[in-house]
Every structure is written in C-alpha cells, then in structure tokens.
Amino acid sequence: GEHGARGLYLSQHKEMLAGFSPNKKRIFEQIISIALSYSIKREEMSAELTIPAINTSYQLVNERNLSHIKFIVSLGLISDVCIPENEMSYETSNKLFTGTRVVQQSAWFSTAEEIDAQQFKLALGDSFIKQLTDNQSLVLGIGLQFGKENASHQIEAVKHSGSARLLQVV
C-alpha cells in the first residue's frame, strides 16, 4: 500500500502470528520445556489450554533462582486496522470490540516442587458471537511470571522475569 495509508489485516494472515514471542531475550520454550495442548473454537469464541504436570528440576530454567511461578492465559479479539480515506490516523474495523479479552491466572507455585497439570477454559461470551466478522481474529496466548516472597510473606511478581507466547490465531 501507499506509504501512510497501509493497513494491518491480521485476519488475512493469521498464520503469521502463531508462535510469535514478544520477548527477545527470554523465550518461553527456553524457560519451560513442556508441550502445551490447546484449541480455539471460533464459532463459540472460546478456547481451552492444558499445561501438563511440570517437574521443575529439569523442565524449568530458573536463572534468577526465584521462588515462585504462575501462568497467565488470555483469549482476545483483535480487529484489522486501516486508515480510512481522507483520515490521518488508524482505526479498527470494529470499534465495539477493541480491547475485548478474557484473562485467567493460575495460583503461585513453588519453583522447588513439582507442579500439577493445569487446565484453563476461556470464553468471550455469547453477546459477541453474533457480531463477529471476518475482519476480526481470536488470539490465544500464554505467559509465565516469576515471583518471590516479600517481608509480609506475600508473593509479588518480579519485573522482567517472565515470558510469553502467542499460541494460535483464528
């Protein structure tokens, strides 16, 4: 497209984002070596993700020796963006859904013990199904975050210690 008038049509190139890592230094699979099981049902606007049991002794790389870890799973709806004719800024193809997402977090787990399998079921809700268009995509992602105990014995997240991965775009 003409410079300044290019759009981002994710709905036409969904396969390009599957497996995308937003982290350059801390790659998800280099931190935790597990095979995730997941699926998205576009027609139901839902997703399921299973994290198998984790032996932290050899399936987790904990370079900073932090005491806890948790998982964050999200399902979001993203619209194509473009610059309308005679306009100067980008707009989404459907403003109604901008920022629509559902997020679930696991509990904090000790990095010194085995972690049981975890299952996540996410759904955006029936109200969105009827209004879903071809220029919108569902994005399933996972993140992990390390934490440590503070002076009050509560676990708090440690900045710049986690990683993420976009798993599937439909």
Side-chain angles (χ1 to χ4, degrees), residues 1 6-24 26-29 31-32 34-54 60 68-85 87-110 115-147 154-170:
R6 297 178 184 134
L8 176 60
Y9 302 101
L10 177 62
S11 63
Q12 297 172 18
H13 307 285
K14 297 174 185 164
E15 69 284 349
M16 292 179 74
L17 274 185
F20 177 76
S21 176
N23 305 78
K24 290 182 180 181
R26 302 189 50 78
I27 307 300
F28 188 85
E29 290 82 2
I31 296 172
I32 191 156
I34 54 173
L36 301 170
S37 172
Y38 53 87
S39 65
I40 297 179
K41 294 180 182 173
R42 182 177 170 86
E43 63 281 355
E44 297 177 15
M45 296 184 75
S46 65
E48 290 187 18
L49 180 135
T50 301
I51 301 171
I54 300 167
L60 178 66
H68 289 81
I69 190 171
K70 74 174 174 178
F71 298 95
I72 302 119
V73 179
S74 67
L75 177 66
L77 186 63
I78 189 167
S79 298
D80 292 343
V81 294
C82 61
I83 298 178
E85 196 171 322
E87 295 291 327
M88 297 300 290
S89 62
Y90 284 95
E91 290 185 9
T92 62
S93 59
N94 190 333
K95 293 179 184 178
L96 178 65
F97 293 125
T98 301
T100 300
R101 68 189 176 286
V102 60
V103 178
Q104 290 182 9
Q105 297 184 25
S106 72
W108 285 105
F109 299 106
S110 170
I115 300 171
D116 290 335
Q118 303 291 308
Q119 186 164 11
F120 297 87
K121 293 183 180 185
L122 305 113
L124 289 174
D126 294 337
S127 61
F128 295 107
I129 294 173
K130 295 175 186 172
Q131 298 175 34
L132 184 64
T133 64
D134 289 340
N135 60 357
Q136 295 168 316
S137 303
L138 289 172
V139 180
L140 177 64
I142 185 169
L144 60 85
Q145 189 171 38
F146 284 96
Q154 295 178 331
I155 302 165
E156 57 185 33
V158 175
K159 289 184 180 183
H160 310 293
S161 65
S163 187
R165 172 74 64 197
L166 294 182
L167 299 172
Q168 189 174 10
V169 182
V170 297

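We use all heavy atoms of the structure for the numbers below, so side chains are in, but hydrogens, waters and symmetry mates are not. Counting begins at 1 with the first residue of the sequence.
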Parallel, tilted or perpendicular: ring planes of Phe109 versus Phe71, cut at 30 and 60 degrees: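 Ring orientation, 0 to 90° scale: tilted.
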message: Checking Val102 now: which residues fulfil side-chain contact (heavy atoms from CB on, under 4.5 Å) with it, not counting sequence neighbours?
response: Leu75, Leu122, Leu124
If you round to the nearest 0.5 Å, how far is [atom2] of [Y] from [atom1] of [X]?
| X | Y | atom1 | atom2 | answer |
| --- | --- | --- | --- | --- |
| Gln145 | Glu156 | CD | CD | 11.0 Å |
| Arg26 | Phe146 | CZ | CZ | 6.0 Å |
| Leu140 | Ile40 | CG | CD1 | 4.5 Å |
| Ile78 | Ser137 | CD1 | OG | 7.5 Å |
| Ile32 | Ile115 | CD1 | CD1 | 6.0 Å |
| Phe120 | Gln104 | CZ | CD | 6.5 Å |

Closest non-hydrogen atom pair between [X] and [Y], with its separation:
| X | Y | value |
| --- | --- | --- |
| Gln118 | Ser106 | OE1-CB, 4.3 Å |
| Gly143 | Phe28 | C-CE1, 4.3 Å |
| Ser21 | Ile27 | OG-CD1, 3.8 Å |

Close side-chain approach of Leu10 to Val81, heavy-atom, < 4.5 Å: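 When only atoms from C-beta onward are counted, Val81 and Leu10 do not touch, as no gap falls below 4.5 Å.
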Audit row: Val169, Leu138, side chain to side chain contact (heavy atoms under 4.5 Å, CB included) steps and yes/no: CA-CA 6 Å; Val169 182; Leu138 289 172; over 6 Å; no
query: What residues form a side chain to side chain donor-acceptor pair (under 3.5 Å) with Glu29, not counting sequence neighbours?
result: Arg165
task: Apply side chain to side chain contact (heavy atoms under 4.5 Å, CB included) to the pair Ile31 and Leu144, showing each step before the final yes or no.
output: CA-CA 9 Å; Ile31 296 172; Leu144 60 85; 4.0 Å; yes
message: Does either side chain, that of Asp80 or that of Ser11, offer a donor lying less than 3.5 Å from an acceptor on the other one?
response: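 Present: a donor and an acceptor within the cut-off.
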field: Evaluation steps, side chain to side chain contact (heavy atoms under 4.5 Å, CB included), between Ile54 and Ile69
entry: CA-CA 12 Å; Ile54 300 167; Ile69 190 171; over 6 Å; no
- request: Before giving the answer on side chain to side chain contact (heavy atoms under 4.5 Å, CB included), spell out for Leu167 and Ile142 the whole-Å C-alpha distance, their side-chain angles and the decisive distance to 0.1 Å.
  value: CA-CA 7 Å; Leu167 299 172; Ile142 185 169; 3.9 Å; yes
Which donor-acceptor pairs under 3.5 Å do side chains of residues 44-53 form with protein atoms, sequence neighbours excluded?
none

message: Counting only heavy atoms not in Lys41 (residues, nucleotides, ligands), do more than 12 fall under 6.0 Å from its NZ?
response: no
